[in-house]
Each structure stands twice: as C-alpha cells, then as structure tokens.
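Quick caveat: nothing in here was measured; it's all calculated off a predicted structure.
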Protein chains: 2
Amino acid sequence: MARTGRPREFDRESAVRQAMNLFWAKGFESTSLSDLKSTLGGLSSASFYAAFGSKKALYEECLAEYMGTCGELVATLRDESLSAREALRVMLWRSIEIQTSRDSPLGCMAVLSGIVCDDDNADVAELARNARKVNRDAIADCLARGVANGELADDGSAEAFTLTLDSFLKGLAVQSRDGISREALLRSADQLLSILDR
Amino acid sequence: MARTGRPREFDRESAVRQAMNLFWAKGFESTSLSDLKSTLGGLSSASFYAAFGSKKALYEECLAEYMGTCGELVATLRDESLSAREALRVMLWRSIEIQTSRDSPLGCMAVLSGIVCDDDNADVAELARNARKVNRDAIADCLARGVANGELADDGSAEAFTLTLDSFLKGLAVQSRDGISREALLRSADQLLSILDR
DNA sequence: CAAATTCCGGATCATTCATTCCATAAATCA
DNA sequence: TGATTTATGGAATGAATGATCCGGAATTTG
C-alpha cells in the first residue's frame, strides 16, 4: 500500500535512533534544533517538522525508543525463568554494560536527559520521570515475586531494598558520566546484592 | 577600611545564596540571566556583571557556597571522633535530610546542576564533576580509616563499597526529585550500611 | 569644594532559539 | 494527462539568550 506524495528522502527510523543518541548525550534542552537537523543528515526545518512534529514530540519518541532498547530492564526483571536474585543481577549487569559502553553515550538517558528543565519543559521532565518510575516499579515487583516464592526473607525489607537498588541504579548514570570504570561498577553491584544473602 | 565609590545597593552574600538556590533548582543552563536578575532583587545587567563577572563565574561561586554549606559532607567523614561506620551513617542521614528538605531545592546541586551541558559549557560540567569527586574521595578516605583502625574488615572490599555508597548517594538526588519520601530513603541508607556488618 | 571611584538604569548588541511559511519538487491516483 | 498528496529548500518569524556600553548618581578622598 504505497503512500501517495513525494517520498521522504531520509530513513525516519534511523533518524530517531540518531536523535536518541543526541538527546541521551546532551539532554533535551542542550540539544538544539540545528544540532538535530545537522546530525540527522542536514535536513531542513520543513522536513523536520513534517516528520516529527516538534522537538518535544521527537524527544518523546526517542525516550520510548530508548526504553524499548538500550534502557530496557523490565523484561529481565519479569523473567520468571530466573530467580529474583538472578534477575536483579542480570538487570544490574546489563544496565552497567550499556551505561559504560563506548558505542553509545555514557549513563542513562532517562536519568540524564530530563531531570533538570526549564519551567516551559516541565512536560519533558515528567516524561523522563515516568520512564524512571517504570524501572522502579519493576524492581519492586521482582522483589515481591522473590518474597512470594519464599526465595527472599519476608521481613518487610523489600520496600527499602527497592529504593536501595533503584538509587544505586540511578547513581550509576552519574558515575558512568564521571568516568568510573565498568569493572569497578560491576564489583559494586555484586557487593550490593550481597545484602540479599543472610 | 571603607571602600571608595558608590556603595552597592544589594547584599552580595545573600544574592549568592539566592542564586545558588536557583542554579540548584533549575541547573546552570536553564537558569537565565533574567531569572537571576529578577530573583536577586531586580538588579540591572550592569550591576550583575559588575558584581559577579559572568553567569559562569557566579555559578562557580554558588557551587563553592553549596559545597561549603548544604552540600558539605567531608567534615563529617573526616571526624575522627566518630567510627567510620558512624561517620558514614551521619553523612548519609545529613545528605538525605538536606536533599529532601522543603526549605531548599530537592536533590543535590552538584549532581543536578551540571551533569548535562552544551559543549560551550563544558567547563561548568567539569566544575560540578570536581565537586562530586571531592565527596567520593572523602568516602574512600573514611573507609580506609576504618580499615586501618581495624574497625572494618581488610578484605579489599573498600573500593567497591566506596562506589556502592557514592552511587547510592548520587542516586538520592534523582529519587529526591522524583518525590520519594525522606523516611523511605533513610531506611534504604541504613539497610545499605548493613553491608558493613558481617 | 573638586577629583576620583564605584554603581545603577536602561538601551543596545549580535546570536541563537524553536517554529512557520511559501514556492517547488516528486511521487501516486483517476 | 491533470489532480492530489507529501516532502524539500530556504527564507523569515518573534522571542529570548548572555553580554556590553553610556550617561548619570552616590559615595570617599584630598
């Protein structure tokens, strides 16, 4: 079912991925339209707005792309073939691997690209906040599963450990940006999980 | 030794404190000159530049003010009247108290105000990065002191725990911004310190 | 007093920002 | 073919950005 009209001269999907990397690296506000236009192959303003609507709309798409790919942690946490502890460990390792990879910007897009914003961009900050909440809730669910299983002690510490893990996870975004090595962060992650052993 | 010339019509010290709160709340780039000028009592551009030099210079002053007051954690960590564990606990509690206080912006200025920047402001990001490093190094020193004391096990885990604690600490900035309660974060902090008990 | 010094109000600067508009180009549909 | 639809190139929009400049006001010094 070929679309009518003049065909687009660039690949929209890969453009979104490139834009995602820009927003990830520089944040929403520091990424300017001219940054975007030149990175996405030197397209014109008209092409940009026709394809994406606005800078905010593109950011929303990029954040969704991020959460579905590089920032995807929920699937691991919900994987019932893994014990809760294993799932948490895989999740942490996977996150550290991506956050410290040299093939993409350092740190976590959901943390870095939308925490601090101008009042005009409060909606952007909220998008990022919702993205962060998704992971926090998934951690809580994973721990609840472990408690229900009998795998983890039912001593009421799960809520606290959710925040402990999630705060650590978010702190990783800062550490990665500050140049802390992957190996050092992995050792920390394993040490953190030792709280579950007692 | 009274200075010659027309006296300044505003209190420079309190202006720096107000600017600090602005940068803390909105970050360096989202805080505009007109934000600053109106918040600091509606002063003119001439007065602003005469008093502070530039936006960056004022930010540097504000960050130093922050690190010397609200963000001050080093003194606690170096307090030899406390055990290493006590010092770490007081440090975490103090940080959580400030980061979740309603009397000042949520979270940590060193984390939130200067992680993500435009290329033009790379020097601002570096100022913030250096400020973050100060605390990380102080945590490492505190743990080293505990090991040297015999208070903590000399099993080589101190480096990892430095990062575990520091990542958690930096993650608190995000959690505070996301509205997580002080009490929940305090419980997490205590749970995290339980790693030292074994 | 006058000279020197510092500060202030307000206009102004060149840039950059995100966005819109218009004429034209390239495709499909009838 | 001609009508319709969509995309492109490039100019233009108004608002906001950080910073500078000038004339005058307020103060100390001599």
Side-chain polar contacts of residues 61-79 of chain B - donor-acceptor pairs under 3.5 angstrom, sequence neighbours left out - could you list them?
{"unit_1": "B:Glu61", "atom_1": "OE1", "unit_2": "B:Arg12", "atom_2": "NH1", "d": "2.9"}
{"unit_1": "B:Glu61", "atom_1": "OE2", "unit_2": "B:Arg12", "atom_2": "NH2", "d": "2.8"}
{"unit_1": "B:Tyr66", "atom_1": "OH", "unit_2": "B:Met109", "atom_2": "N", "d": "3.2"}
{"unit_1": "B:Thr69", "atom_1": "OG1", "unit_2": "B:Glu65", "atom_2": "O", "d": "2.7"}
{"unit_1": "B:Glu72", "atom_1": "OE1", "unit_2": "B:Ala75", "atom_2": "N", "d": "3.3"}
{"unit_1": "B:Glu72", "atom_1": "OE2", "unit_2": "B:Val74", "atom_2": "N", "d": "3.2"}
{"unit_1": "B:Glu72", "atom_1": "OE2", "unit_2": "B:Ala75", "atom_2": "N", "d": "3.3"}
{"unit_1": "B:Asp79", "atom_1": "OD1", "unit_2": "B:Ser81", "atom_2": "N", "d": "2.8"}
{"unit_1": "B:Asp79", "atom_1": "OD1", "unit_2": "B:Ser81", "atom_2": "OG", "d": "2.7"}
{"unit_1": "B:Asp79", "atom_1": "OD2", "unit_2": "B:Ser81", "atom_2": "OG", "d": "3.3"}

What is the separation between atom CD on A:Glu9 and atom P on C:dT24, rounded to the nearest whole Å?
18 Å
Please list residues of residues 14-33 of chain A whose heavy atoms come under 4.0 Å from any atom in DNA chain C, ordered by number; otherwise none.
A:Thr31, A:Ser32, A:Leu33
Just how far, in rounded Å, is P of D:dA7 from CZ of A:Phe10?
8 Å
With A:Asp154, which residues qualify under side-chain hydrogen bond (donor to acceptor under 3.5 Å, both in side chains), at least two apart?
none
Upstream residue (5' side of DNA chain C) when A:Pro7 and B:Asp118 are each assigned their closest nucleotide
B:Asp118
Those residues at least two apart in sequence (or on a different chain) that pass side-chain hydrogen bond (donor to acceptor under 3.5 Å, both in side chains) with A:Ser95 are A:Gln99
Per the ring-ring contact (aromatic ring centres under 6.0 Å, His included) rule, what does the pair list look like for residues 174-193 of chain A, sequence neighbours excluded?
none
Measure the distance from CZ on A:Arg3 to P on C:dT28 and round it to the nearest whole Å.
12 Å
If the cut-off is 4.0 Å, is A:Arg6 near the phosphate of C:dA25, judged by side-chain N/O to OP1 or OP2?
no
Contact list for DNA chain C against residues 35-62 of chain B - heavy-atom distance below 4.0 Å:
B:Ser44, B:Ala46, B:Ser47
Round to a whole Å and report the spacing from CG of B:Asn121 to C1' of D:dT17.
12 Å
Does the ring center of A:Phe168 lie less than 6.0 Å from the ring center of B:Phe168?
no
Residue list, side-chain contact (heavy atoms from CB on, under 4.5 Å) with B:Glu80, at least two apart or on another chain:
B:Arg145
Can you list everything that forms a side-chain contact (heavy atoms from CB on, under 4.5 Å) with B:Ala160? Sequence neighbours excluded, please.
A:Arg187, A:Ser188, A:Gln191
So, using side-chain contact (heavy atoms from CB on, under 4.5 Å) as the criterion, who are the partners of A:Glu126 when residues are at least two apart?
A:Arg129, A:Asn130
